[in-house]
Each structure stands twice: as structure tokens, then as C-alpha cells.
Amino acid sequence: MAISFYEKGELASGFHGWRVVATIRGKRYQKYFSLKRPNTRISEEFWHKYQETRAKYYEARYMARSAAIQYLDFIGRDHPATRPYRGVGFHGITLGIGSGKSASQETCYFSVNKRGAANKFYIDERASLSQAWEQAVQHWGEVFDIRPKDIAKKLEQVPSPDQFKSLRKQLNEHEGCDYQASVLHHVYAEQRSQLEKHKAKKTTRGKLNEDDLLAMYANLERQVSEFRN
């Protein structure tokens, strides 16, 4: 984004006045505001002020348009430098597997990538996949000054556990890691719970409808099965 002023005689073309230039998504825009008056009835002072004002107005328009597009790109697509299988569809959050200050063992996590202040939200016995996602998105919204309505939309877009499965495969097969399948245990916990509740509801023929009762039944089923084995 640039606004330039050229004095009379400075350019070989004879143009003198303002030039406003902007590059948005790789496309170049420019507009000229000449100080050559359309007729002599307009004073030089008035025309100078008028063209200067127009040039600054167009510069502000280009800046606003660029900022709006940058914001939409930020919340609507992965960062170009996002490594394979880490992306969640927008800038600022990526998937990860590993350990850190908040995790005593290797596990899956969401990383909010604020430059110089990255923060990880682990999926473990304390926070399920959807809970870790909610924490990460809320933090992302705060540090990147995201509009509330856009935060709300992202909260609904919880990544699938299979995305972490694909990331583990990528890390093990192409990036020299050796993560065991157990690293995905907590990522699939909610999915297992839902399957168990569905099975319990089907087994009891719908007689138990409350989630807590269904979960209790499913837990008892699992314990009985483990005891038999």
C-alpha cells in the first residue's frame, strides 16, 4: 500500500499529482490523481486540495479492503506454511502430537500459534476433544481479536478424531516419529462414549433415556466384559 506525490517535471510522462498503489491477493491496483486542472475556472489551490483528498480517500479504501480480505483469509483458510495434516481450515490453530509442560506423556493437542506466545491445549483425562477445542478456539479468538460471531462458528467445527489419526500416520511414516496407537486414546474417548450409549439404549430397548443412566449402563457392560475376559 503506497501513496506517492510527483512534482511537475519530475516524470518524463508529464504527469504530476498523486499515485495510489495497492497489491491485494497478488493483484495490483493503482489510481492517478492529476494536478492538471480540467479548466482555468478552478483555482490551483482548490484543485490541489481536492485531488489530495481523493488520493487519501482511495488509499484508505484500499487499506480497508486489504484488511478485510486478510481477515477473511485468516479465518477461512489454512496458513500457507501449515505443515501436512496439521491444518484445521483457518490460521492460528494447528493439530499436534507430543508432550510439553502441561502434559506428562505424549498426547494430542491443539496449538494456538500466536507468534512468541504459542499455547497448547491438550486432549487428555482432564479435557476431552471438544473441551480442548473450545478452550483453544476461545483463546484464539482473544489473542487474534476475532469477532464473536466467527468464534461461535469455529466452536461448532470440532475436528474429527480421524484427523489426529492421519497426523500420527504422517508423523510416523514421513517425519521420523514413532507414536504408538495409544497416543490417540483420549482423542476417541467421546466417540467411544457415544457408541456405548447407543449400544446401551439399543440393548435396553429405549427404557433408559437419560444420558447418565445410559452411561452408567454402558460402563457396567464394559466392566462385566473386562471381568469375563
Next item on the list: With the side chain counted from C-beta on, respond yes when R168 and I97 share a heavy-atom pair under 4.5 Å apart, and no when they do not.
Entry: yes

Next item on the list: Kindly indicate whether the side chain of E44, heavy atoms from C-beta on, has any atom under 4.5 Å from the side chain of F46.
Entry: no

Margin query: Quick check on Y57: does its OH atom have over 12 non-hydrogen neighbours (other residues, nucleotides or ligands) under 6.0 Å away?
Written below: no

Check: Any ion pair linking E45 and R37 (charged N to carboxylate O, less than 4.0 Å)?
Finding: no

Next item on the list: Find the distance between NE2 (H185) and CD (Q180) and round it off to the nearest 0.5 Å.
Entry: 15.0 Å

Next item on the list: Give the ring-plane orientation class for Y50 versus W47, where under 30° counts as parallel, over 60° as perpendicular and anything between as tilted.
Entry: tilted

Notebook entry, point to check: Within the side chain of D78, is there an N or O that forms a donor-acceptor pair under 3.5 Å with the backbone of G87?
Noted result: no

Notebook entry, point to check: Can you find a pair of side-chain heavy atoms, one from K31 and one from Y62, that are under 4.5 Å apart?
Noted result: yes

Checklist line | side chain to side chain contact (heavy atoms under 4.5 Å, CB included) between Q163 and L95, worked out | finding: CA-CA 8 Å; Q163 289 179 244; L95 308 183; 3.8 Å; yes

Item checked: Any side-chain donor near an acceptor of the partner, N119 and Y109, under 3.5 Å -> no

Check: Is there a side-chain contact between I93 and S111, using heavy atoms and a 4.5 Å cut-off?
Finding: no

Next item on the list: Take atom CZ of R19 as the centre, draw a 6.0 Å sphere, and report whether it contains more than 12 heavy atoms from other residues, nucleotides or ligands.
Entry: yes

Check: Can you find a pair of side-chain heavy atoms, one from W133 and one from Q135, that are under 4.5 Å apart?
Finding: no

Item checked: Note, Q170 side chain near R83 side chain (heavy atom, < 4.5 Å) -> no

Check: Would you call the rings of F74 and H91 parallel, tilted or perpendicular if under 30° counts as parallel and over 60° as perpendicular?
Finding: tilted

Next item on the list: State yes or no: are the ring centers of F110 and F164 separated by less than 6.0 Å?
Entry: yes

Check: Looking at T23, V21, V20, which one forms a side-chain contact (heavy atoms from CB on, under 4.5 Å) with Q30?
Finding: V21

Check: Does R61 count as lying over the ring of Y58, i.e. NZ or CZ under 6.0 Å from the six-ring centre, within 45 degrees of the axis?
Finding: yes

Checklist line | Ring geometry between F121 and H139 (parallel below 30°, tilted from 30 to 60°, perpendicular above 60°) | finding: tilted

Notebook entry, point to check: Taking atom types as modelled, is there a side-chain donor on Q51 or S34 under 3.5 Å from an acceptor on the other?
Noted result: no

Note to self: Using a 6.0 Å cut-off, check whether atom CD of E125 has over 12 heavy atoms from anything other than its own residue.
What the structure shows: yes

Checklist line | S66 versus Q70, side-chain donor and acceptor atoms under 3.5 Å | finding: yes

Next item on the list: Would you mind reporting whether Q105 and V183 have side-chain heavy atoms less than 4.5 Å apart?
Entry: no

Margin query: For the residue pair E106 / S99, report whether a side-chain donor-acceptor contact shorter than 3.5 Å exists.
Written below: no

Checklist line | Rounded distance [0.5 Å steps], CG in L129 versus NE2 in H186 | finding: 12.5 Å

Next item on the list: Cation-pi check, R147 to Y71: give yes when NZ or CZ is under 6.0 Å from the six-membered ring centre and within 45° of the ring axis, no otherwise.
Entry: no

